[in-house]
Structures are given as C-alpha cells and as structure tokens.
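Note sheet for the following structure.
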Amino acid sequence: MKKILPTAAALLLLPLAARAESELSLTLQGGAVKYDQALAAPSDLGAQYGVRLGILPTPVLGVELGYLGSQSNVRDVVNNTNSTRFISNGAYADARVNVLPDNVMPYVFGGFGVTNFKVDHEVVSSDGGLHGKTVATIPFGGGVDFNLGAFKLGGRFQYNYLLTDQLVRTAPSGSGVTTGNNTNFYGVNLDLGVSFH
C-alpha cells in the first residue's frame, strides 16, 4: 500500500509534467552597483557583472544559480581621504516566480548566497577602514524578461542583504579597532540570454 500511493500519484502527475513548458536558460548580466548605509557616501557608483543559469520546470516557478561580481571605488571611511578598489565575487541560488509567464515576463526572486569582499592594498591596522571578508547574503529583487524566440533580453534589480556588520573597521579615539558599521549593496543590470525548451 505504501508503494502504491506514490506510484499512483506519479502516474496522475506525469501528463501534467509532460505538458508543462520547461525551460533552461543561460543569461549574462552587466550594470551598475552601489553600497548603502555606512558606505553610501564614501562609495562611487561601480560596475556589476554576472552570469546565471535558470531552471524553470514550469512556466511559473523555477530556480536560478548565479555568479555576481562587482568593483567600486570607496574612500577610506575613517579619514575620508585615500580611495581604494572594493571588489566582490559571489555565488547565489534563488527561487524565482514568474508573475505573468508570456513573451513579456515580469518576475520576483529571493534566495541565499555567499560573497567574498576584497580591498586593493588593504592595510590591517588600528587606522580602521574596509577589510576583506567572506559573508553570507540574502539576494532578492525583481526583473522583466522579453522572450524573443530562443533569446532573452531583460532588466533586473537585485538587493543583497549582508548577514554581517563587520566589513568596516573604525578606530575610535580610544585604543584598538571596533567593528559594526553595516552596509549592503544593490545593482541594476541589463540581461542578455539564451533559452532552451
């Protein structure tokens, strides 16, 4: 009896799965990135780039696996003088929901990721400032895809909430280094991709 019920359910769902229009897509993205909160003023508008694999077993629901990198110029957050290059490289996985699955397809997504931050010419000292670190992130946002046959053209907004508040060191008037200045980053990208059905 325990084996009959799952088998019967699979046989009933098989015609629905066969009719579902599944899709596999590969998308390149490029655009602009900006940091907020503690790095809102010291950071310039930077470049963001990435690639993602989309797996949509149904026209409405799917998953995405992606790489997202960025580079920005950031002034020293302690004395606001020297500018350094702040580089991020990250991977993420998210669940995607297509709001209106058609040739014009708005969507929302949310998931989990890991991002490594690197600071050019980092000097670890009591002077404070930015420092490199690998942190967990929560990426979420939305976008729109224009399906042009086997090709995709679109736009995407992605906010990356960092599960740490210790990318920035500060050096108070006392001794030692303290941490705790929070920052997150967000980007707007243009997408160009190809899909396989």
- What's the spacing between D36 CG and Y186 OH if we round to 0.5 Å? 6.5 Å
- In terms of side-chain heavy atoms, does N184 have a donor or acceptor partner in Y159 at a distance below 3.5 Å? yes
- Message: Counting only heavy atoms not in F157 (residues, nucleotides, ligands), do more than 12 fall under 6.0 Å from its CZ?
- Response: yes
- Query: Between D120 and T84, is there a donor-acceptor pair closer than 3.5 Å when you use the side chain of the first and the backbone of the second?
  - Reply: no
- Whether T137 side chain and P139 backbone form a donor-acceptor pair below 3.5 Å: no
- Message: Can you see whether F109 has R96 sitting over its ring - NZ or CZ less than 6.0 Å from the centre and within 45° of the normal?
- Response: no
- Query: Does any N or O in the side chain of T183 come within less than 3.5 Å of the main-chain N or O of Q37, such that one atom is a donor and the other an acceptor?
  - Reply: no
- Query: Do the side chain of D145 and the main chain of K152 share a donor and acceptor less than 3.5 angstrom apart?
  - Reply: no
- Passing candidate, side-chain hydrogen bond (donor to acceptor under 3.5 Å, both in side chains) with T134, options T115, T164, N116: N116
- Task: Let me see the working for Q29 and R156 under side-chain hydrogen bond (donor to acceptor under 3.5 Å, both in side chains), right down to the final yes or no.
- Result: CA-CA 9 Å; Q29 61 187 83; R156 180 178 177 106; 4.5 Å; no
- Message: Whether the side chain of K118 engages the backbone of K133 through a donor-acceptor N/O pair (distance < 3.5 Å, no angle test) should be reported.
- Response: no
- Rounded distance (nearest 0.5 Å) linking atom CG of L153 with atom CG of N147: 10.0 Å
- Message: Looking at N189 and G31, would you say the former's side chain and the latter's main chain have a donor-acceptor pair under 3.5 Å?
- Response: yes
- Item | Residues F117, F86; criterion ring pair (Phe, Tyr, Trp, His ring centres under 6.0 Å); working and verdict | CA-CA 7 Å; F117 293 93; F86 199 37; 5.4 Å; yes
